[in-house]
Student: 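Structure in structure tokens, see below.
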There are 2 protein chains.
Amino acid sequence: MNRNDLRVVKTKQALHNALLTLLSEKPLESISIAEICREAKVNRGTFYLHYEQKEKLFEEYFQEIMADLNNSYEEPYRAVTNFNKDELDPNTVRIFHHIERFKMFYRIVFSKNVPLTYYYMLFDEIQALLKRDLAQNKNTGLSLDFYSAYQANAIIGIILEWYRHDFTESVSTLNEQLVTILKFKP
Amino acid sequence: MNRNDLRVVKTKQALHNALLTLLSEKPLESISIAEICREAKVNRGTFYLHYEQKEKLFEEYFQEIMADLNNSYEEPYRAVTNFNKDELDPNTVRIFHHIERFKMFYRIVFSKNVPLTYYYMLFDEIQALLKRDLAQNKNTGLSLDFYSAYQANAIIGIILEWYRHDFTESVSTLNEQLVTILKFKP
DNA sequence: TATTTTAATGAACACATGTTCAATACATAA
DNA sequence: TTATGTATTGAACATGTGTTCATTAAAATA
């Protein structure tokens, strides 16, 4: 399957557009593959030539979003992960901006009936960012795998709670909360 | 639908046993409702009388596991959540024991193609435990919702990483890692 | 035990899934 | 432009999904 073949490009584009159209009408879980194909005017067999599930199609979008998280927010996010807690400026935390920007996607990612795949994609991305920054600290007895998993998922915990509040709080409120938590010594 | 009616009890039991039998052969995602009903010798229509999806059936088991997490581990877990970090004895942390005990279930809960539902059930349970313990600390500017979400999901982050290592590390190694992380001041 | 109530059944329905295969249409490269 | 390669199509098939409804069987209760 040659990804550059115009036929392939056309088909994938049609499926992408069809999914986006349908997503604006109803949630991912109630969209069928047959429906996507009807909308895209693509044979159902052709769908299976490119994707196993409708989730794989959505995954292609999500990868672009993960690239955004990685590229645009790497530097400012590092400010948090460095854990210079007392010098930390809430406004340098960019991750919540990113989430807010792609709110409609994260509503899907965090919805109950969606597979864990997307959660792992987000987790992997943040954990990789953290690992890069934490690699310097060679603390004896501290496993980089577990420590980065701990910190990465903690951040996602806040995002999860934010999602459950239907993203009502402002980005700066979230930033302040994170900074307060990181500074807090019980 | 009377939950005490013997017919209901019998049907649910048959479906429970059928699911357990099939789960020992293959993953949840590749088990069909029709298959469960054939195995349980229950009419497919009857299944829909009690559950909407096969996931709801699995959920009934998982609720028992959550009850175990809540009951047996509440007290010792509190030792961690009190954040008397320097006095903390790694052996008092019981949550990893619980996970290890129900390893086969958590393999399902954390697998890629399973819906987020179970993740939320685990998250809710741990967050509720934390909220109970953290309610005393009335720290200005610190939201209990976000702080407990942060801490609860951080713990799950460690469990997630453990799952990805296929639970190879020992429980005491996990306990030590958690204590080290909690003591660590960057 | 006899009567009432209601859960379970089987059959049928329209639609979705996942797969196969020969026929066709359309890019790419000669 | 033509020849070659291959992505796409349509049709078919077995199976699964989710729902309805009259009938049957088995509990609860009187």
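These numbers come from the heavy atoms of this one structure, side chains and all, not from hydrogens, waters or symmetry mates. Convention: sequence-line order gives letters A, B, ...; per-chain numbering from 1.
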Student: Any base atoms under 4.0 Å from A:Ile33, or only sugar-phosphate, or nothing? Heavy atoms, all strands.
Tutor: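 Counting heavy atoms under 4.0 Å across all strands, the contact made by A:Ile33 is with sugar-phosphate only.
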Student: Please tell me if A:Arg44 has a side-chain N or O lying less than 4.0 Å from either OP1 or OP2 of D:dT8.
Tutor: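 False: A:Arg44 side-chain N/O out of range (4.0 Å or more) of D:dT8 OP1/OP2.
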Student: Over all strands shown, is B:Ser32 touching base, sugar-phosphate only, or nothing at heavy-atom distances under 4.0 angstrom?
Tutor: sugar-phosphate
Student: Roughly how far, to the nearest 0.5 Å, is CZ of A:Phe110 from CG of A:Leu122?
Tutor: 5.5 Å
Student: Is a side-chain donor or acceptor of A:Tyr61 paired with a backbone partner of A:His16 at a separation under 3.5 angstrom?
Tutor: yes
Student: Does anything in residues 1-10 of chain A come within less than 4.0 Å of DNA chain D? Heavy atoms only, and list the residues if so.
Tutor: A:Met1, A:Asn2, A:Asp5, A:Arg7, A:Val8
Student: Would you confirm whether A:Lys54, through its side chain, and A:Leu28, through its main-chain N or O, come within 3.5 Å as a donor-acceptor pair?
Tutor: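 Such a contact is found between A:Lys54 side chain and A:Leu28 backbone.
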Student: So, OP1 or OP2 of D:dA7: does either fall under 4.0 Å of a side-chain N or O from A:His50?
Tutor: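 So the side-chain polar atoms of A:His50 never come under 4.0 Å of the phosphate oxygens OP1 or OP2 of D:dA7.
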Student: Begin with the C-alpha distance, continue with both residues' side-chain angles, and end with the deciding distance and a verdict on side chain to side chain donor-acceptor pair (under 3.5 Å) for A:Gln177 and A:Glu169.
Tutor: CA-CA 11 Å; A:Gln177 280 300 316; A:Glu169 288 87 357; over 6 Å; no
Student: Regarding B:Lys112 and A:Glu55, does a basic nitrogen lie under 4.0 Å from an acidic carboxylate oxygen?
Tutor: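 Result for this pair is no, no salt bridge flagged.
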Student: Can you tell which of D:dT8, D:dG10, C:dA16 lies closest to the side chain of A:Leu49?
Tutor: D:dT8
Student: Would you call A:Arg101 and A:Asp68 a salt bridge, using N to O less than 4.0 angstrom?
Tutor: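 Looking at A:Arg101 and A:Asp68, the cut-off is met.
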Student: Considering only D:dG10, C:dG18, D:dG18, which nucleotide approaches the side chain of A:Tyr48 most closely?
Tutor: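 That would be C:dG18.
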Student: How is A:Lys41 classified with respect to the nucleic acid when contacts are heavy atoms under 4.0 Å: base, sugar-phosphate, or nothing?
Tutor: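 Counting heavy atoms under 4.0 Å across all strands, the contact made by A:Lys41 is with sugar-phosphate only.
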Student: Given axes from five pairs at either end, by how many degrees does the helix from C:dT1-D:dA30 to C:dA30-D:dT1 bend, rounded to 10°?
Tutor: 30°
Student: From CD of A:Gln13 over to C1' of D:dT8, roughly how many Å is that when rounded to an integer?
Tutor: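 After rounding, the reported distance stands at 17 Å.
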